[in-house]
2 protein chains.
Amino acid sequence: MTARARIKDVATLAGVSTATVSRALSSPDSVGPATRERVMEAVKATGYRINAAARDLRQRRARSILMLAPNLSNTFFSQIIAAVQDVASEAGLTVQISDSRIGRERLVSLGYDGRADGIVLLDGNLAPDVVNGWHLPLIQLSEWNDAYNAPRLGIDNRAAAHLAAGHLAALGHRTVLHVSGPEDNVLAVTRRAGFLEKAGDLGLETGVFEADFTLEAGAEAARRWAALDARPTGVFCASDECALGFISECVHMGFDVPGDVSVMGFDDIDFADRFLPALTTIHQPRKRMGAAAAERLIEMMQGAQGKGRHSISAAPTHIDATLVERDSTGPVPG
Amino acid sequence: MTARARIKDVATLAGVSTATVSRALSSPDSVGPATRERVMEAVKATGYRINAAARDLRQRRARSILMLAPNLSNTFFSQIIAAVQDVASEAGLTVQISDSRIGRERLVSLGYDGRADGIVLLDGNLAPDVVNGWHLPLIQLSEWNDAYNAPRLGIDNRAAAHLAAGHLAALGHRTVLHVSGPEDNVLAVTRRAGFLEKAGDLGLETGVFEADFTLEAGAEAARRWAALDARPTGVFCASDECALGFISECVHMGFDVPGDVSVMGFDDIDFADRFLPALTTIHQPRKRMGAAAAERLIEMMQGAQGKGRHSISAAPTHIDATLVERDSTGPVPG
DNA sequence: CTGAAAGCGCTTACAG
DNA sequence: CTGAAAGCGCTTACAG
């Protein structure tokens, strides 16, 4: 197991300069056929592979994109990460990943250390001065923050919440409950506003329980719901996890879903259609979201070429979310 | 928005050499207090941040670890990824992530381009010559391959499968079915062997359906099970997803779980205890697995210091997996 | 304690 | 088509 070959070793073996080796590898046409041949043989003989770190330093780019998400253990991100990595890999880019809640100093460094040249940001709660201080092409995906000076991509959460309200109303529900995400989360706030807006238009009576997207919070909300004197018959949870927790707890308390209460979620996670009952929800095309974000970012990176962040379209780019009707919602009881 | 400062700018402003700036930043004690003071002021004034790419090239390391998994969209990896990233971040390391099925050429490059100095490998099906050709500290996590010249970490899948067989037997089941993972997967093979071994010891009658860990495969297995003349009363699925698919399909076909059939899974994913019925399963401590792998790898990286892969303990390090009894298994019917 | 100089491993004008 | 040389932005023996 000998030390790995450097470009100089290849050059020596082939009897040419390192410049020629470099050219033979990166733009074969710029080199004579015979020379190219000899270089390639030397490459094979030495087992040479380029040192990307050195090339990147010289070219002042990293060929890498950084993904930042508020909680990597959240399975919602899995498909998004996979799609981003897939597109990046096709484009010859590497993917770096980090929890975005690693502390201000570390976070600043990540976007500033020369090891990434584009960022996919899935967190709308980072300090705007940090985000805007990164002089790197950046795209906001899913979550967003109007203070960030960067384009954004995602579903139209307000419109999606309208679908939810419309669905419950169509089934005859007159009093509905929203189990929301946390107050400081832009998705939660937007979904809630959208739901209440549409429910109001439709003349429904509304209530809101604040939760935090998790299974446990959903279960807790179910207990609060059960304790109510007049229980809403339709429930819209801000996430599928929350809805599954809600339903699970309802069933444990002896209620039937959707017989006693209709419950719907948001996201359409993989298990949604295998849950019992199968979950009515809003489908978020996460694979498409990730791929679109990566593609857009790569475009920006090509446009930027070290010129920092470039022209930002004011309007968010929306990806379609759709209502998926399954078995957890039904006609109002009685 | 001016160009970012380099170390030379700081040096000029502080009236010292770049060497001194470098020292003031990396080992403040090796520099006079007054000098240090002036340097720090210049750093603040210029907004200087080190260019990690340049430092890494000079120091011939990447301060980065690479995670390779066969399918990033698999939610099983979420917590592992989060834990690895957490430990890495604490150690000042960056995390690179890639699907391990990106093609031989790209894969070879990833471990060979100087941008990572350690690898967490979650795939036992890569070509051994590729894996062994990376001259980088590497640890196998969860999946493994005896042909890889690297230590491994994970639960004892054979012992875990014993627990499953023991559990079903203790409930009185005499004929049991295993819905396995794919034949070419080391986890699947090991779990199946362990289950059959223990079931044999306990005098149970056994059968196996080969599947592939997914929800759909579980549902398909349920249909095959239902079509059987003599239906096994206890079913052990090689993954929770598979078990959820199996149960879901059983219920859709009109069977009761666990009234008509006991079904258990493997992994203990987040939804397992909120599923209806709550899933009996084998708990894999994924967070602990990820953290342990990262810690171990970092140790190896410190020991290695460019010396390539070092001493490999033959025996795998096992992390405890435990049986979690919930509601999807019960006494044998009748 | 501090600086000048070499060098990490590449690429790329510039000449020829 | 090819090479010598400079340089990407750092760090680190080596001297003093």
task = Test B/R23 against B/D29 for salt bridge (Lys or Arg N to Asp or Glu O under 4.0 Å), laying out the working first.
result = CA-CA 8 Å; B/R23 290 192 196 102; B/D29 292 340; over 6 Å; no

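- Between B/D99 and B/R101 there is no salt bridge, since no side-chain N of the basic residue sits under 4.0 Å from a carboxylate O of the acidic one.
- One finds the CG atom of A/D86 at 12.0 Å from the CD atom of A/Q79 (value rounded to the nearest 0.5 Å).
- D/dT12 and D/dG16 have their C1' atoms separated by 16 Å, with the value rounded to a whole Å.
- Taking atom OH of B/Y112 as the reference point, atom P of C/dG9 lies 13 Å away to the nearest angstrom.
- Judged purely by distance below 3.5 Å, without hydrogens or angles, the side chains of A/N145 and A/Q140 never pair a donor atom with an acceptor atom.
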query = How does DNA chain C look in dot-bracket form if you count Watson-Crick and G-U pairs under 3.5 Å, write [ ] for pairs that cross, and put | where a base pairs with another strand?
reply = |||.||||||||.|||

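- Atom CZ of A/R63 is separated from atom P of C/dG9 by 18 Å (rounded to the nearest Å).
- With hydrogens and angles left out, the side-chain atoms of A/S27 and A/S30 include a donor and acceptor closer than 3.5 Å.
- Among B/L138, B/D123, B/V120, B/L107, the single residue meeting the side-chain contact (heavy atoms from CB on, under 4.5 Å) criterion with B/L68 is B/L107.
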request  = Assign a letter to each nucleotide of nucleotides 10-16 of chain C from its 5' end: B, base within under 4.0 Å of a protein heavy atom; S, sugar-phosphate only; -, no contact.
outcome  = BBBB---

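- For the residue pair A/S78/B/T75, the side-chain donor-acceptor check at 3.5 Å is not satisfied.
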task = Would you check, one step at a time, whether the test side-chain contact (heavy atoms from CB on, under 4.5 Å) holds for A/R49 with B/S109?
result = CA-CA 8 Å; A/R49 290 211 167 233; B/S109 288; 3.1 Å; yes

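- Of the listed nucleotides (D/dT2, C/dT2, D/dG9), D/dG9 has the atom at the smallest distance from the side chain of A/R60.
- Atom C1' of nucleotide D/dC8 and atom CG of B/L57 are separated by 9 Å, given to the nearest angstrom.
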